[in-house]
Asker: 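One structure, pasted below without further comment.
Heads up: numbering here begins at 1 and tracks the sequence. Order of appearance sets the numbers: ligands from 1, and atoms from 1 within every ligand. From a predicted model like this one, the values you see are computed outputs, not experimental measurements.
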Amino acid sequence: MFAIRSVDDLINFKDYVKDKKKLIIVGGGILGLEAANSAKKLGLDVLVIESFDYLLSRQLDKNLSQKLEKGLNDMGINTQTGKSTEEILVDNNKVVGIKLSDGSKIDADAIMIQAGVRSNIDVAKNSNLKTDRGILVGEDLKTEEDDNIYAAGDVAQIGNFTIGLWTASQEMGKIAGANMTGSHNEYEKPKPFSTLNLGDIKVFSAGANSGDGVEELKVEKGDNIYKLFKKEGKFVGGILWSDIKHQTDVKKIVFEGVDPKDTKLGKEMSL
Ligand SMILES: Cc1cc2nc3c(=O)[nH]c(=O)nc-3n(C[C@H](O)[C@H](O)[C@H](O)COP(=O)(O)OP(=O)(O)OC[C@H]3O[C@@H](n4cnc5c(N)ncnc54)[C@H](O)[C@@H]3O)c2cc1C
């Protein structure tokens with residue numbers, strides 16, 4: 001059973017699967033799908049199990065997610081959505097498959113977990129600092145319990161969110177460091193956007209694309225799909241499928257409130 005955190009993990013994985021066939025990846029997020037694509041290239045039979053109803057639920061609306069799933073299946077990557085992994089099946093100290101919450105069992109020679117970030121918070125727990133998924137801090141990254149203890153990066157939890165991104169961790173580190181030496185800066189939650197590049201599948205997504213009152217503007221040109229999502233008169237999200245060159249425009253429209261008419265994307269979509 002593998003989780004990929006370092007180059008050594010990757011080398012160990014590749015070494016182990018050299019003479020193996022069936023790989024199950026638990027988790028159909030961006031990293032899970034990238035791993036599935038790479039594992040497929042190694043010649044493995046790959047099955048991705050995702051507990052949510054559809055893949056990339058945070059990045060894609062259901063319709064594009066289903067299109068993505070079909071694209072992956074056409075590439076030979078198998079998927080099962082809406083299924084939770086309940087148990088890893090082991091025989092003679094070796095992984096032999098998984099059991100799903102619906103009771104079904106699937107054989108596997110190896111399993112890779114790609115189900116998000118878990119903070120290592122033992123040191124904080126042992127020191128009686130408040131923890132949840134991460135070490136609880138305010139927007140100034142200071143712990144409530146001690147004015148001289150701050151947390152930054154993957155391990156920090158501000159309100160209800162932990163992040164798990166390199167750029168966010170660097171930014172938090174700078175702010176925590178400055179605040180520890182007398183500044184009063186606050187960390188602002190980053191604007192979410194992501195890109196997925198798997199062979200011919202190219203997707204860019206920013207902001208929100210679902211929820212109450214969210215309406216969709218969609219333009220399809222051949223293989224290219226451009227979507228913007230609006231709520232209460234404001235653009236809150238966008239997705240580019242296949243032709244992803246207008247990423248900066250999506251970010252400007254969604255995060256800076258720029259009028260789509262003033263962007264190349266807006267012209268592409270005849271807005
Ligand atoms: C496979 C993989 C791919 C990724 N890809 C991306 C990507 O494409 N883009 C992106 O933005 N982010 C990516 N990330 C996430 C990114 O690496 C992290 O967000 C970032 O490294 C977090 O920085 P950090 O300093 O908070 O934690 P870390 O980089 O984890 O550093 C924490 C350090 O503290 C040490 N440590 C832990 N406990 C103790 C202790 N008790 N005493 C002393 N030392 C301790 C650890 O050994 C570690 O060296 C990826 C992560 C992984 C694993």
Side-chain angles (χ1 to χ4, degrees), residues 1-17 23-42 44 46 48 55-56 58-60 110-143 145-146 148-180 185-199 201-207 244 247 251 255:
M1 209 166 91
F2 295 87
I4 308 295
R5 296 197 184 89
S6 63
V7 174
D8 282 345
D9 292 339
L10 194 59
I11 292 168
N12 289 339
F13 170 74
K14 285 176 87 169
D15 197 42
Y16 184 79
V17 296
L23 171 71
I24 291 178
I25 296 180
V26 177
I30 288 186
L31 292 185
L33 299 185
E34 284 179 345
N37 187 40
S38 301
K40 184 76 203 159
K41 285 186 195 157
L42 291 177
L44 292 164
V46 183
V48 178
L55 300 170
L56 296 191
R58 268 188 288 178
Q59 289 85 8
L60 298 180
I111 292 173
M112 187 190 284
I113 308 288
Q114 288 285 4
V117 178
R118 300 289 180 274
S119 303
N120 178 354
I121 50 177
D122 290 350
V123 69
K125 277 186 174 165
N126 295 339
S127 318
N128 290 326
L129 295 173
K130 267 194 206 152
T131 56
D132 179 25
R133 289 194 312 284
I135 301 173
L136 288 169
V137 290
E139 276 157 4
D140 56 359
L141 304 176
K142 186 167 73 62
T143 59
E145 296 77 19
D146 193 319
N148 292 311
I149 303 182
Y150 286 67
D154 283 7
V155 84
Q157 179 176 338
I158 307 169
N160 196 27
F161 71 92
T162 47
I163 301 182
L165 287 175
W166 176 253
T167 41
S169 299
Q170 276 189 311
E171 185 63 21
M172 280 191 229
K174 285 182 195 164
I175 290 176
N179 286 353
M180 290 170 88
N185 300 321
E186 292 199 336
Y187 179 72
E188 209 180 297
K189 196 174 163 187
K191 315 269 194 287
F193 66 88
S194 42
T195 315
L196 182 71
N197 258 308
L198 299 179
I201 300 176
K202 292 185 177 54
V203 198
F204 172 79
S205 152
I244 59 170
Q247 298 179 22
K251 286 196 245 177
F255 300 140

Asker: Specify whether Phe13 and Phe2 have parallel, tilted or perpendicular ring planes, treating 30° as the upper limit for parallel and 60° as the lower limit for perpendicular.
Answerer: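 Phe13 and Phe2: perpendicular rings.
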Asker: Determine whether Ile158 and Lys189 make a side-chain contact, defined as any pair of heavy atoms from C-beta on separated by less than 4.5 Å.
Answerer: no
Asker: To the nearest 0.5 Å, how far apart are CD in Glu139 and CD in Glu188?
Answerer: 8.5 Å
Asker: Can you tell which of Thr195, Val203, Leu56 makes a side-chain contact (heavy atoms from CB on, under 4.5 Å) with Ile30?
Answerer: Leu56
Asker: I'd like a table of the close N/O pairs between ligand 1 and the protein (anything under 3.5 Å), one pair per line with both atom names and the distance.
Answerer:
from, atom 1, to, atom 2, distance (Å)
ligand 1, 11 (O), Trp166, N, 2.8
ligand 1, 12 (N), Trp166, N, 3.2
ligand 1, 19 (O), Asp154, OD1, 2.8
ligand 1, 19 (O), Asp154, OD2, 3.4
ligand 1, 19 (O), Leu165, N, 3.3
ligand 1, 19 (O), Leu165, O, 3.4
ligand 1, 19 (O), Trp166, N, 3.3
ligand 1, 26 (O), Asp154, N, 2.9

Asker: Run through Gln247, Gln59, Arg58 and flag the one making a side-chain contact (heavy atoms from CB on, under 4.5 Å) with Ser205.
Answerer: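 Running side-chain contact (heavy atoms from CB on, under 4.5 Å) over Gln247, Gln59, Arg58 with Ser205 returns exactly one hit, Gln59.
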Asker: Let's go through Ile163 and Ser169 carefully: what are the C-alpha distance in whole Å and the side-chain angles of both, what is the deciding distance for side-chain contact (heavy atoms from CB on, under 4.5 Å) to 0.1 Å, and is it a yes or a no?
Answerer: CA-CA 8 Å; Ile163 301 182; Ser169 299; over 6 Å; no
